[in-house]
Amino acid sequence: DTPHFKSELARYNGTEISMLASDVLKLQGGSYRLCWCAGTFDCSTSSRFGVDVGTLTVVGPTSFSQHSTCIVGQTCTLSQISGYWFGSGDNVLLLETCGVAEVQESQQTDIAARSVLEATSHTGESTLFARFAASTAAGGIYRLCWCASVAGGNTPENCASDMGSLVLLGPRPLQQDRTCVVGAECVLEGFTGLGIGHLSQSLLVLDTCGVQHSVLVEGRNSWSSQSSSFATSGYKPSGGGYRLCWCSERCSEMSDFAVDMGQLQMIGPTRLRQQHRTCIAGQRCAFSIEGWYLESTDGYLILDTCGEALNIQSPGSSQFTIDRFFQPDLTTPLSFAKVSSTLTSAGGVYHICWCASSLGCQEISRFDVDVGQLQVIGPIYDQHRTCIAGQTCLLDALLGTDLSTSDRYYILDTCGLPSPPSGFAGAQTADVNSSQSSGSEASVSWNVRISAAGGTYRICWCAGGQVCSAA
C-alpha cells in the first residue's frame, strides 16, 4: 500500500507551510518521490498525485524478507543485513512482534544483538552484522526487528521495523519441569520444541546450566521427532533440585549445555552415601535423615549392602520406624525424618538404606538407595569360647567395633534377661587392642575360679558409659 501523509497548514513570516505526518511507515529503506495532490480534487488514486514535490529518504532495512535460522544456545550470526543509510549505533532486537514489548511463556524474548555497521556506500546502501547469544529464548519463530540509533535505544517500542523472521530451533517452552524418585528409573518424556527431532542434541542434568564444573547427574539420552527422554544410569543422584540443561550440535563441554529448559526434582535423601551415623549395639538407636520431599511413610533398613539381602546378622533389628517427620521451612522441599530402632545387630559397619513409599517397599531389593554408613559399636556374633569349672576363665580375642576398656561383659542364661547363673561375677576387660583398622579386639578374664555348674551360657556385652547390670 502506498503511504499517505496527512497535511496541516501553518503560516510563518507570511508563507504557508504544510506539515506532513503519517502513521508508522512500513516502507523498505530507500529513496522515494514525494508527490502532491490538490485537496480540491479527487485524491483517491495514485494517478492524481502528479506533482513531484521532492525526495523522501527512508532510512532502514531494504528488505522485509531477510529470514534466518539459528539454534537455541548457539551463537546466532546474521551477516549482510541490507539497509539504506544504516547508522553506526543501529541494532537488531529479537521479538515476538516488532514494536511490542511482551514476554510470552515467561521467557525473555527481547534479546538484543551485538551489531556492527559493516559498510555504507556513497549511494546509501549499507550492511549490518549482528550476533545473538540466544540461550534464554525458547525455540520458536521470532521477528528480526531493526532499531535505529536515533530512535532512542534498543527498547521494543523503538524497534518497530520488521526485517524478517528468525526460526530458532530448540526446546519450547523453557519450563519443562519433571519429577523423579531416587532409586527408581528416571525417564523424562514428552519434551517439546521446534525442530528438536531433526537436531543432534543432548541433555544433561546439572546443578547449574552452562557452568564447566557443575555437578553432573549421569544418564542416557533418547530423542525422537515427537518427544525426548532422559534416563538415569545405575548411579543414583542425591535428592534435590537440579536443572535440565540442553545442548545441540557442539556438546563436548559442560559449559556447552547453557540452555536451561526446566527443573528436575529428585525425591529422596540428600547427600547420598554421606549421611553417616553411629549407634551402640543393644541400645535404642535414633537419628535424623535429611531429604528432598521425604514422606512419613518412606522405609528405612540397615543392610550390609543396600538392595541385597546379604549376611546381616539379626535382620529383625534392621527395620527402622519413623518417629517424627518435619519440614523446617514450608517454602522449600527440604525435610527431615527422625527414625529409630533397638539394635540387636552385631558390631560392624552397615548401610542406611532408603525406599520411597511410592515403590511399595515390600522387598529388600527396593531398599537400594544408600544414604550413608551406620557404625554399630559392639562385638560381633558367634564368638564361642570354652572354660572349665573350678578354673579361672579367659575369653581371649573377642572381636568387635570400637570396643573399649570400659565395656562390661556378663555370662547369662539369656542376654538382657534377669537370669544370671551363680558362680560368675561381672568381668572386667583385661585388654583392648585397637590396632586393627576394621575394629578392635578385647580379652576378658575372671580373676577368681568359676564356681558355676557346667553348661552352655551366653557371653553378653554392655557398652562402657551405659547403665550395665547382670540384667
Side-chain angles (χ1 to χ4, degrees), residues 174-191 203-211 213-220 229-246 254 257 260-277 286-303 306-307 319-341 350-362 364-374:
L174 294 185
Q175 295 90 26
Q176 303 190 48
D177 300 337
R178 297 293 187 271
T179 299
C180 286
V181 177
V182 177
E185 186 178 26
C186 178
V187 178
L188 312 176
E189 297 180 319
F191 291 126
L203 180 72
L204 288 183
V205 180
L206 305 172
D207 59 355
T208 305
C209 295
V211 176
H213 301 290
S214 184
V215 176
L216 169 68
V217 177
E218 298 176 356
R220 58 185 182 274
S229 65
F230 172 88
T232 58
S233 61
Y235 175 83
K236 296 178 178 63
S238 299
Y242 300 90
R243 307 309 304 177
L244 297 170
C245 305
W246 184 86
M254 283 190 185
F257 291 80
D260 189 328
M261 57 180 290
Q263 186 176 51
L264 174 64
Q265 299 279 12
M266 291 298 298
I267 297 175
T270 59
R271 299 184 296 112
L272 291 186
R273 301 166 292 277
Q274 299 180 51
Q275 299 194 51
H276 306 314
R277 304 291 187 265
F287 50 82
S288 294
I289 296 297
E290 177 188 284
W292 204 256
Y293 287 112
L294 294 179
E295 297 285 347
S296 59
T297 53
D298 293 342
Y300 298 85
L301 281 180
I302 304 302
L303 300 171
C306 290
Q319 181 72 51
F320 275 68
T321 58
I322 298 178
D323 297 329
R324 185 186 174 201
F325 177 82
F326 56 99
Q327 189 173 351
D329 186 352
L330 297 179
T331 63
T332 70
L334 188 65
S335 49
F336 295 85
K338 185 175 182 180
V339 301
S340 67
S341 177
Y350 304 95
H351 292 270
I352 306 168
C353 307
W354 177 84
C355 171
S357 58
S358 60
L359 301 181
C361 304
Q362 298 301 312
I364 289 182
S365 60
R366 293 291 190 182
F367 292 81
D368 61 348
V369 177
D370 190 339
V371 180
Q373 292 182 349
L374 176 66

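For the numbers below, each heavy atom of this structure counts, side chains included, while hydrogens, waters and symmetry mates do not. This is a predicted model, so every value here is computed, not measured.
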Undergrad: Measuring from atom OG1 of Thr208 to atom CG of Asp260, what distance do you get when rounded to the nearest 0.5 angstrom?
TA: 9.0 Å
Undergrad: Using 0.5 Å steps for rounding, measure from the OH atom of Tyr242 to the CH2 atom of Trp292.
TA: 9.5 Å
Undergrad: Tell me whether Arg277 contacts the main-chain N or O of Ser288 through its side chain, where contact means a donor paired with an acceptor under 3.5 Å.
TA: yes
Undergrad: Any idea which heavy atoms bring Asp370 and Cys306 closest together, and the distance?
TA: CA-SG, 3.6 Å
Undergrad: If you look at every heavy atom in Gln265 and Gly241, which pair is closest and at what distance?
TA: OE1-CA, 3.9 Å
Undergrad: Taking atom CZ of Arg178 as the centre, does the number of heavy atoms from other residues, nucleotides or ligands within less than 6.0 Å exceed 12?
TA: yes
Undergrad: Measure across Leu294 and Phe325 and return the closest heavy-atom pair with its distance rounded to 0.1 Å.
TA: O-CZ, 2.8 Å
Undergrad: Is there side-chain contact between Phe287 and Leu374, with heavy atoms separated by less than 4.5 Å?
TA: yes
Undergrad: What closest approach, in Å, do Thr297 and Ile322 show between heavy atoms, and which atom pair accounts for it?
TA: N-CD1, 4.5 Å
Undergrad: Using modelled atom types and a 3.5 Å cut-off, is there a donor and acceptor pairing between side-chain atoms of Glu295 and backbone atoms of Ala356?
TA: no
Undergrad: Using the side-chain contact (heavy atoms from CB on, under 4.5 Å) rule, take Ile289 and Tyr300 through it: C-alpha gap first, then chi angles, then the decisive distance, then the call.
TA: CA-CA 10 Å; Ile289 296 297; Tyr300 298 85; 4.0 Å; yes
Undergrad: Looking at side-chain heavy atoms only, is the closest gap between Thr321 and Ser340 below 4.5 Å?
TA: yes
Undergrad: Please report the shortest heavy-atom distance between Leu334 and Glu290, naming the atom on each side.
TA: CD1-CG, 3.6 Å
Undergrad: Distance check, rounded to the nearest 0.5 Å: Phe320 atom CZ versus Ile352 atom CD1?
TA: 7.0 Å
Undergrad: Apply side-chain contact (heavy atoms from CB on, under 4.5 Å) to Thr179 and Ile267, showing your working.
TA: CA-CA 7 Å; Thr179 299; Ile267 297 175; 3.6 Å; yes
Undergrad: Parallel under 30°, tilted from 30 to 60°, perpendicular over 60°: which one fits the rings of Phe326 and Phe336?
TA: parallel
Undergrad: Quick one: does any side-chain atom of Ser238 pair with a main-chain N or O of Leu272 as donor and acceptor, under 3.5 Å?
TA: yes
Undergrad: Hey, mind stepping through Leu244 and Val205 against side-chain contact (heavy atoms from CB on, under 4.5 Å) and telling me if it holds?
TA: CA-CA 5 Å; Leu244 297 170; Val205 180; 4.0 Å; yes
Undergrad: If you round to the nearest 0.5 Å, how far is CG of Leu264 from CG of Asp207?
TA: 12.0 Å
Undergrad: Supply the atom-to-atom distance Arg243 CZ to Met261 CE, rounded to the nearest 0.5 angstrom.
TA: 11.0 Å
Undergrad: Drop me the distance from Phe367's CZ to Gln319's CD, to the nearest 0.5 angstrom.
TA: 5.5 Å
Undergrad: Closest heavy-atom contact between Phe257 and Leu203?
TA: CE2-N, 4.1 Å
